[in-house]
Amino acid sequence: QVQLVESGGGLVQAGGSLRLSCAASGRTFSTYAMGWFRQVPGKEREFVAAISWGGSITYYADSVKGRFTISRDNAKNTVYLQMNSLKSEDTAVYYCAAGSRPRATPIEYDYWGQGTQVTVSS
C-alpha cells in the first residue's frame, strides 16, 4: 500500500504562490503515477495535474495551465505542486493521489491523501 500526506496549504493573497508537497510511504512510490485534485463544498473533485512515474510526462487542467507545475522527486518519495499567480477560484482542499496511470479522473487513482486547505483571498 501507499500512504500519502499533503502539506504546504494555507492562506495566500491573490497573485501569490504556494508549493504543496505530498509525501508518500512505501518502497514502490517510483512505480506510481501521481495526481493532484481539488475539491470545494458542493462540487465534484476536480483534476488539477498529473505526472507519470518517471516524471517525463505531465498533464494539467486548462484552468491551471501556465500557472501550476507538478514535479516529483522519487528519491524523496515526494510529489510537488508549485502554484503561482493564485486566484480566488483556486481556493479548495487539495488532494494528492497515486495510481497506475497519470489520468484526469479520480477513479484512475488507488490511494489518496487527506487533503490540505488552500485559501486565496481577493
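The first residue in the sequence is number 1, and the count goes up from there. Worth saying up front: this structure is predicted, and the values here are computed from it rather than measured.
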Suppose we call two aromatic rings close when their centres sit under 6.0 Å apart. Are Y109 and F37 close by that rule?
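So the answer is yes for these two rings.
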Hphob cluster co-occupancy, [X] + [Y], side-chain heavy atoms under 4.5 angstrom:
{"X": "V48", "Y": "V120", "answer": "yes"}
{"X": "I70", "Y": "F68", "answer": "yes"}
{"X": "L4", "Y": "Y95", "answer": "no"}
{"X": "W36", "Y": "L86", "answer": "yes"}

Take T69 and Y60 through the side chain to side chain contact (heavy atoms under 4.5 Å, CB included) test and state the conclusion after the steps.
CA-CA 8 Å; T69 302; Y60 296 94; 3.7 Å; yes
N-O pairing of D90 and K87 below 4.0 Å:
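Salt bridge: no.
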Of R45, R101, R103, the residue whose pairing with E108 passes salt bridge (Lys or Arg N to Asp or Glu O under 4.0 Å):
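For E108, the salt bridge (Lys or Arg N to Asp or Glu O under 4.0 Å) test succeeds with only one of R45, R101, R103, which is R101.
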Donor-acceptor pair between E6 and T116 side chains, under 3.5 angstrom:
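The answer is no; no qualifying pair exists.
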Would you say T78 and D73 are linked by a side-chain donor-acceptor pair, where the criterion is simply a distance under 3.5 Å?
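On atom types as modelled, these side chains do not qualify, holding no pair under 3.5 Å.
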What's the separation between atom CE in M83 and atom CZ in R38, rounded to the nearest 0.5 Å?
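If we round to the nearest 0.5 Å, M83:CE and R38:CZ are 9.0 Å apart.
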Rounded distance [0.5 Å steps], CE in M34 versus OH in Y111
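Between M34 CE and Y111 OH, I get 11.5 Å after rounding to 0.5 Å.
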Over all atoms of both residues, closest heavy-atom pair of [X] and [Y]:
{"X": "G115", "Y": "V93", "result": "CA-CG1, 3.8 Å"}
{"X": "K43", "Y": "Q39", "result": "O-NE2, 3.1 Å"}
{"X": "A49", "Y": "L81", "result": "CB-CD1, 4.2 Å"}

Enclosure of Q114 CD (heavy-atom neighbours >12, cutoff 6.0 Å):
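Result for CD/Q114: open.
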